[in-house]
Amino acid sequence: QVQLVESGGGLVQAGGSLRLSCAASGSIFSINAMGWYRQAPGKQRDLVARITSGGTTSYADAVKGRITISRDDTKNTVYLEINSLKPEDTAVYYCIADYGEGWGRRDYWGQGTQVTVSS
């Protein structure tokens, strides 16, 4: 079992930056990877970044160069830094944990945090 708590969302002007946090608790030793999704109203929920337990990162093509995912193992926290924010970045951002293996593998989701970018 894993619990994810997100924070750091808010209202930011275009061109600014923001750092989201996702704190994990529970059986964190069974987490294979963590990532961030985002979903705008009326749109699909899309994966924007992912980091494995070994530290390998990956990004969606639409956000490469503007978004960085990182982690602090001492705090069991994953971060998402968004730079050069654009109005199209406005969405609810969700933290996800890839948990377990085999038949016990599943995804855990955070509650989401709203990011609004003003023009």
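What you see is a predicted model, and the numbers here were worked out from it, not measured in a lab. Numbering starts at 1 and runs along the sequence shown.
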Seminar exercise, completed: In this structure, CG of L80 is separated from OH of Y37 (nearest 0.5 Å) by 13.5 Å
Exercise. So how far is it from Q111 CD to S7 OG, rounded to the nearest 0.5 Å?
Worked result: 8.5 Å
For this session: Report whether L4 and V78 are members of the same hydrophobic cluster (ILVMFWY, side-chain heavy atoms less than 4.5 Å apart, transitive linking).
Result: yes
Seminar exercise, completed: For A40 and A91 the tightest heavy-atom approach is N-CB, 3.8 Å
For this session: Enumerate the residue pairs fulfilling disulfide (SG to SG under 2.5 Å) with a member in residues 22-116, sequence neighbours excluded, ordered by first and then second residue.
Result: C22-C95
Exercise. Excluding sequence neighbours, so at least two apart, what forms salt bridge (Lys or Arg N to Asp or Glu O under 4.0 Å) with R45?
Worked result: none
For this session: For the pair R50 (side chain) and I69 (backbone), establish whether a donor and an acceptor sit closer than 3.5 Å, ignoring hydrogens and angles.
Result: no
For this session: Consider only side-chain heavy atoms of I, L, V, M, F, W and Y, link residues closer than 4.5 Å, and tell whether V48 and V117 are in one cluster.
Result: yes
Exercise. Roughly how far apart are S17 OG and L85 CG, rounded to 0.5 Å?
Worked result: 7.0 Å
Problem set entry | Verify same cluster id: L20, I67 (apolar side-chain graph, 4.5 Å) | yes
Seminar exercise, completed: By side chain to side chain contact (heavy atoms under 4.5 Å, CB included), E88 pairs with (sequence neighbours left out) K86
Seminar exercise, completed: With sequence neighbours left out, the residues meeting side chain to side chain donor-acceptor pair (under 3.5 Å) with K64 are D61
Seminar exercise, completed: In terms of heavy-atom contacts, I31 and A24 come closest through CD1-CB, 4.3 Å
For this session: Hey, could you give me each pair passing ring-ring contact (aromatic ring centres under 6.0 Å, His included) that has a residue in residues 41-82? Not counting sequence neighbours.
Result: none
Problem set entry | Residues R106, D98: salt bridge by 4.0 Å N-O rule | no
For this session: Go through the structure and list residues passing ring pair (Phe, Tyr, Trp, His ring centres under 6.0 Å) with Y108, not counting sequence neighbours.
Result: Y99
Seminar exercise, completed: Between the OG1 atom in T77 and the CG atom in D72, the distance rounded to the nearest 0.5 Å is 6.5 Å
Exercise. Taking only residues two or more places apart in sequence, or in another chain, which ones meet R19 in a salt bridge (Lys or Arg N to Asp or Glu O under 4.0 Å)?
Worked result: none
Problem set entry | Euclidean distance, I96 CD1 relative to D107 CG, rounded to 0.5 Å | 3.5 Å
Exercise. For residues 24-56, which residue pairs qualify under disulfide (SG to SG under 2.5 Å), counting only residues two or more places apart or in two chains?
Worked result: none
Problem set entry | Nearest atoms (heavy-atom pairs only) where G112 meets V92 | CA-CG1, 3.9 Å
Problem set entry | Value rounded to 0.5 Å, distance of OG in S84 from CD1 in I82 | 11.0 Å
For this session: Apply side chain to side chain donor-acceptor pair (under 3.5 Å) to T68 and list each qualifying residue two or more places apart in sequence or on a separate chain.
Result: none
Problem set entry | Close side-chain approach of T52 to N32, heavy-atom, < 4.5 Å | no
Problem set entry | Contacts of A62 that satisfy side chain to side chain contact (heavy atoms under 4.5 Å, CB included) - sequence neighbours left out | none
Exercise. Between V115 and G9, which heavy-atom pair has the shortest distance, and what is it?
Worked result: CG2-CA, 4.2 Å
Exercise. Residues two or more places apart in sequence or in another chain: which of them pass side chain to side chain donor-acceptor pair (under 3.5 Å) with T56?
Worked result: none
Problem set entry | Heavy-atom pair of closest approach, residues S119 and A14 | CA-CB, 4.4 Å
Exercise. Between Q39, Q114, E6, R38, which is the residue that forms a side chain to side chain donor-acceptor pair (under 3.5 Å) with Y93?
Worked result: R38
Exercise. Judged by atom type as modelled, is there a donor-acceptor pair below 3.5 Å linking the side chain of S21 to the main-chain atoms of G8?
Worked result: no
Problem set entry | S118: partners by side chain to side chain contact (heavy atoms under 4.5 Å, CB included), with sequence neighbours left out | L11, Q13
